[in-house]
There are 2 protein chains.
Amino acid sequence: MRTRNIEKEQLVKQTAIEMVVNDGFEGFSVNKLAKACGISVATLYIYYKDKDDLITTIALEEGKRMTTISLRGFDPTQSFTDGLRIQWKNRAEFMLENPLSMCFFEQLRTSTYQTKVMEQILGDFKEAMHAFVNNAVERGELDSMPLEVFWAIAYAPLYSLLRFHNDGRSPGGKPFTMNDDIMWQTFDRVIKALKK
Amino acid sequence: MRTRNIEKEQLVKQTAIEMVVNDGFEGFSVNKLAKACGISVATLYIYYKDKDDLITTIALEEGKRMTTISLRGFDPTQSFTDGLRIQWKNRAEFMLENPLSMCFFEQLRTSTYQTKVMEQILGDFKEAMHAFVNNAVERGELDSMPLEVFWAIAYAPLYSLLRFHNDGRSPGGKPFTMNDDIMWQTFDRVIKALKK
DNA sequence: CCCATAAGTAAGCGATTATTCACTTATTTT
DNA sequence: AAAATAAGTGAATAATCGCTTACTTATGGG
């Protein structure tokens, strides 16, 4: 039998992400995707069951890549400051090296695919984070607080900075590029807000 | 001459927002909107120049409503803690009372309408915020810091909580309803992170 | 009252949507 | 070399897209 062209498959995935990032899901179509890849639209239906399957499969693959990197070197039993610092480092690293992926996830999060995809992607993640916070509270490093409050203070500021960086402008409308100094300065303040 | 049906116009606006919130811009179409409102699609083209004009006009109206409420009782010269507290109160109040509007803005922010609409909406806002931060720094209440850092710490946690509330679930996947206690507990930590 | 005029509509335009089908091409196995 | 089979395609489907046109309806000023 004829062998499948792996490069074409990768091209489809990359191009699909670019299309969604540039024009949103409203501007995405399988016909346009096929044309942009220089293949027949019918070929897409060999790779994927339908449009929905195409999006969710690509999202899940990309999500797995992200969670793997984000949990690298992370251990729920390590000290609170160390654990959170690694989380910030990993997440920032992934987002800065894969700005397209970051934009793609933002599109997913605010789309109808949200419940279908994001919960699966963030599954392992949430579990590890829950254990991590509980350990820190038990050791007395952290006040007990609702998980939503922890999440809002510990991670929302990081993602806010990353979004400014990705949009290329600050809240004042001026150009903005994230750097280590700004990031760790923010991290220190977040620690101050969380620790006893 | 025949008089315009104001109720129909309001119905169009409300229904358009609901459609975008429920199905995203990908699921929004002028034909569906007209059908949902029980009017002819041609009538929409009396109210609005085209689809783009429909979205941007509605977005700008809704945005004006939000910024007006958010700046109510706010004065860039007042003390840092008081000013930020009023901001949190106003923004939370609007978002909790207008969950549909909040979702609509989230769709706008992550859509191709972003640059066209969000900058106009947030214009006055950013100006007031800039003056407010500068004053607080001059009075010595606040460390000087990049505006992005301020924004990330001062507001990102609030919006994070509001999103959890709106989605109806916490980061752990459990049901979540925002209340005053959780909100002001978070506020206190944010103040701790920002003040000298 | 009546008519000028804006409000409102039914029907349909060409373009694009997701998906399918009958078909050809390339490669592995025998 | 030939048979078997998956990979890949061009052209078409019905449905829906944004938008227009030719037309009818309702109402305020004369």
Side-chain angles (χ1 to χ4, degrees), chain A residues 1-61 104 107-108 111-114 116-117, chain B residues 1-61 104 107-108 111-114 116-117:
Chain A
M1 65 171 181
R2 190 171 170 182
T3 46
R4 180 175 293 193
N5 189 336
I6 307 289
E7 292 170 25
K8 280 275 163 74
E9 226 175 328
Q10 278 304 114
L11 177 67
V12 166
K13 184 175 162 181
Q14 190 61 25
T15 309
I17 292 176
E18 282 171 22
M19 279 184 63
V20 170
V21 168
N22 289 331
D23 309 323
F25 283 107
E26 74 209 90
F28 174 86
S29 90
V30 284
N31 288 302
K32 282 199 281 190
L33 175 60
K35 185 163 281 179
C37 292
I39 64 175
S40 164
V41 61
T43 306
L44 289 177
Y45 284 84
I46 297 170
Y47 296 165
Y48 306 100
K49 188 173 138 290
D50 53 26
K51 181 187 174 183
D52 212 77
D53 181 50
L54 187 151
I55 297 292
T56 52
T57 301
I58 291 176
L60 254 30
E61 284 174 14
F104 184 59
Q107 289 297 320
L108 282 170
S111 77
T112 51
Y113 297 98
Q114 188 201 18
K116 203 178 301 183
V117 165
Chain B
M1 64 170 180
R2 191 171 171 178
T3 45
R4 182 174 292 194
N5 189 337
I6 307 289
E7 291 169 27
K8 281 274 164 75
E9 226 176 326
Q10 279 303 114
L11 177 67
V12 166
K13 185 175 161 182
Q14 190 61 26
T15 309
I17 292 176
E18 282 171 22
M19 279 184 62
V20 170
V21 169
N22 289 331
D23 309 323
F25 283 107
E26 77 211 89
F28 174 86
S29 89
V30 284
N31 287 304
K32 282 200 282 189
L33 176 59
K35 186 162 282 183
C37 292
I39 64 175
S40 164
V41 61
T43 305
L44 290 178
Y45 284 85
I46 297 171
Y47 296 165
Y48 305 100
K49 187 172 137 290
D50 53 26
K51 182 188 174 183
D52 212 76
D53 181 51
L54 187 151
I55 298 291
T56 52
T57 302
I58 291 176
L60 254 31
E61 284 173 14
F104 184 58
Q107 289 297 320
L108 282 170
S111 77
T112 50
Y113 298 98
Q114 189 201 16
K116 202 178 302 182
V117 165

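Per chain, numbering begins at 1; letters A, B, ... match sequence-line order. Just so we're clear, the structure is a prediction, and the values are computed from it rather than from any experiment. Excluded from the calculations below are hydrogen atoms, water molecules and symmetry mates; all remaining heavy atoms, backbone and side chain alike, are included.
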Write down the distance between CG (A/L33) and P (C/dT19), rounded to a whole number of angstrom. 13 Å

Taking 4.0 Å as the cut-off, does a side-chain nitrogen or oxygen of A/Y47 come that near to OP1 or OP2 on D/dA7? no

So do B/L108 and B/I55 actually touch side chain to side chain, heavy atoms under 4.5 Å? yes

Residue whose nearest DNA chain D nucleotide is more 5′ - B/F28 or A/I6: A/I6

Side-chain touch B/R4/B/Y47, heavy atoms, less than 4.5 angstrom: yes

Is there a side-chain contact between A/F28 and A/D23, using heavy atoms and a 4.5 Å cut-off? no

With a 4.5 Å heavy-atom cut-off, do A/V12 and A/T43 have their side chains touching? no

Does B/R2 get its side chain close enough to the base of C/dT5, under 3.5 Å, for a donor-acceptor pair? no

Atom CG of B/L44 and atom C1' of D/dC19 are separated, to the nearest Å, by 11 Å

Looking only at the side chain of A/R4 (C-beta and beyond, no hydrogens), which of the listed nucleotides C/dT9, D/dG8, D/dA11 gets closest? D/dG8

Return the value, rounded to whole Å, for the distance between atom CD1 of B/I39 and atom C1' of C/dA11. 16 Å

Donor-acceptor pair present, A/N31 side chain and C/dA18 base, under 3.5 Å: yes

Look at A/S29 and C/dT17 and indicate whether a side-chain polar atom (N or O) is within less than 4.0 Å of OP1 or OP2. yes

Would you indicate what B/K32 reaches in the nucleic acid, counting non-hydrogen atoms under 4.0 angstrom: base, sugar-phosphate, or nothing? sugar-phosphate

Residue whose nearest DNA chain C nucleotide is more 5′ - B/T3 or A/S40: B/T3

D/dA15 C1' sits how many Å from B/K35 NZ, rounded? 11 Å

Decide, yes or no, whether a salt bridge links B/D52 with B/K116 under the criterion of side-chain N to carboxylate O below 4.0 Å. yes

If you find the nucleotide of DNA chain C closest to B/A42 and the one closest to A/V30, which residue's nucleotide is nearer the 5' end? B/A42

Taking the side chain of A/I46 as heavy atoms from C-beta outward, which of C/dG8, D/dG8, C/dA18 is closest to it? D/dG8

